[in-house]
Every structure is written in structure tokens, then in C-alpha cells.
Enquirer: 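Have a look at this one before I ask anything.
Worth saying up front: this structure is predicted, and the values here are computed from it rather than measured.
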Amino acid sequence: ETQLVESGGGSVQTGGSLILSCVASGFASDDYAVAWFRRAPGKERERIACISRRHGPIYYVDSINGRFTISRDYAKNQVWLNMDNLKPEDTAIYYCAAPIAGWDCGPTAGYRLGTWGQGIQVTVST
């Protein structure tokens, strides 16, 4: 059974930083993409960053580009999301997710039946 476990969330003030971690287990190989999603209060879940399979490209949504960095350690089966210059609008529950086998950082449909972490709260105050 595949599993993803997030850690590292919490509360910070505007302009602060946090590092989220996502540790994977149960995957047959390291050939899978990993994305970070978030769901802000009253809003739909959105994918904000994705790191492709096989050392492929990285993608960011415009609202976090330049402030957040996704990275990966294949040996540790771990993915991080470094979040700098946090803003109140970054307040959300953050999830890491891996899509179904063979899917990459394309349309999010492949993530619906993929593997999801439990979610972790990030709160940014003014």
C-alpha cells in the first residue's frame, strides 16, 4: 500500500518561512510524480507545485512562483516544499499527492485516484 505522510506545518507571521516534508512509502519504484496541493478556507483545492517523474521538469502556479520551492531526494523517498515570504492568503491545508501510475505533472485528473497525504495546516497571520 502506498502512503504519503506530511509534516512541518504550523503558524507563522507574514513574511515568515516554513518547510513542509512529504515522506513516501510503499511505491514500487521512484518513478512517480509528486505534487503539493492546498485548500484555503472557502476555496477549492488547487495544485500549487509539481515535480515530475524521472528528474523531469518542475511546475509552479503563478501565485507562489518565486516564493515556494519544491525539491526531492530520491534516495530518501522525500519531497519538500520550502515556503518563503508567506502571506495570509497562503493559509490553507496543504497536501502532497502522487498520481496514478504513469501519470505526471499534467492534468490533475490523474491525482483523484492517486495517493494522498493526510494534510497539514499552514496558518499565516498578519
Enquirer: Which atom pair, heavy atoms only, marks the closest approach of Ala24 to Leu4?
Expert: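 For Ala24 versus Leu4, the nearest heavy atoms are CB-CD2, 3.5 Å.
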Enquirer: Is Trp103 reachable from Tyr95 through a run of I, L, V, M, F, W or Y residues, each pair having side-chain heavy atoms under 4.5 Å apart?
Expert: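 Linked within one cluster.
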Enquirer: Which heavy-atom pair separates Ser52 from Tyr59 by the least distance, and what is that distance?
Expert: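 Nearest pair, atom of Ser52 first, then Tyr59: OG-CE1, 3.7 Å.
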Enquirer: For residues 32-51, please give each side-chain donor-acceptor pair under 3.5 Å, one per line with the distance, not counting sequence neighbours.
Expert:
{"residue": "Arg38", "atom": "NE", "partner": "Glu46", "partner atom": "OE2", "Å": "3.0"}
{"residue": "Arg38", "atom": "NH1", "partner": "Asp90", "partner atom": "OD1", "Å": "2.9"}
{"residue": "Arg38", "atom": "NH1", "partner": "Tyr94", "partner atom": "OH", "Å": "3.0"}
{"residue": "Arg38", "atom": "NH2", "partner": "Glu46", "partner atom": "OE2", "Å": "3.4"}
{"residue": "Arg47", "atom": "NH1", "partner": "Gly106", "partner atom": "O", "Å": "2.8"}
{"residue": "Arg47", "atom": "NH2", "partner": "Gly106", "partner atom": "O", "Å": "2.8"}

Enquirer: So do Gln121 and Thr91 actually touch side chain to side chain, heavy atoms under 4.5 Å?
Expert: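 Side chain of Thr91 against side chain of Gln121, heavy atoms only: contact under 4.5 Å found.
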Enquirer: Check residues 7-15 and write down every donor-acceptor pair under 3.5 Å in which the side-chain atom is one partner and the other belongs to a residue at least two apart or another chain.
Expert:
{"residue": "Thr14", "atom": "OG1", "partner": "Ser125", "partner atom": "O", "Å": "2.9"}

Enquirer: Compile the donor-acceptor pairs under 3.5 Å between side chains in residues 77-89 and protein atoms, sequence neighbours left out, one pair per line.
Expert:
{"residue": "Gln78", "atom": "NE2", "partner": "Ser21", "partner atom": "OG", "Å": "2.6"}
{"residue": "Asp84", "atom": "OD1", "partner": "Ser17", "partner atom": "OG", "Å": "2.8"}

Enquirer: Mind telling me whether Tyr74 and His55 have parallel, tilted or perpendicular rings, with 30° and 60° as the class edges?
Expert: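 His55 and Tyr74: tilted rings.
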Enquirer: Do side-chain atoms of Gln118 reach the backbone of Val5 as a donor and acceptor pair under 3.5 angstrom?
Expert: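 Not at all, since once roles are kept as given, no pair shorter than 3.5 Å links the two residues.
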Enquirer: Are Leu18 and Tyr60 linked, directly or through intermediate hydrophobic residues, by side-chain heavy-atom contacts shorter than 4.5 Å (ILVMFWY only)?
Expert: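 Yes, same cluster.
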Enquirer: Can you tell me which residue pairs pass the salt bridge (charged side-chain N to carboxylate O under 4.0 Å, His left out) test with a partner in residues 97-107, sequence neighbours excluded?
Expert: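 For residues 97-107: Arg53-Asp104.
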Enquirer: Considering non-hydrogen atoms only, spot the tightest contact between Cys105 and Tyr111 and give its length.
Expert: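 Heavy-atom minimum between the residues: CA-OH, 4.0 Å.
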Enquirer: Show every salt bridge (charged side-chain N to carboxylate O under 4.0 Å, His left out) that has at least one partner inside residues 111-121, sequence neighbours left out.
Expert: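 Every pair satisfying salt bridge (charged side-chain N to carboxylate O under 4.0 Å, His left out) with a residue in residues 111-121: there are none.
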Enquirer: Holding to side-chain hydrogen bond (donor to acceptor under 3.5 Å, both in side chains), I want the full list of residues that pass it with Thr2, two or more places apart in sequence or in another chain.
Expert: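 By the side-chain hydrogen bond (donor to acceptor under 3.5 Å, both in side chains) rule, Thr2 matches Thr115.
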Enquirer: Are Ile19 and Ile120 co-members of a hydrophobic cluster defined by side-chain heavy atoms under 4.5 Å apart?
Expert: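 Looking at the clustering, Ile19 is in a separate group from Ile120.
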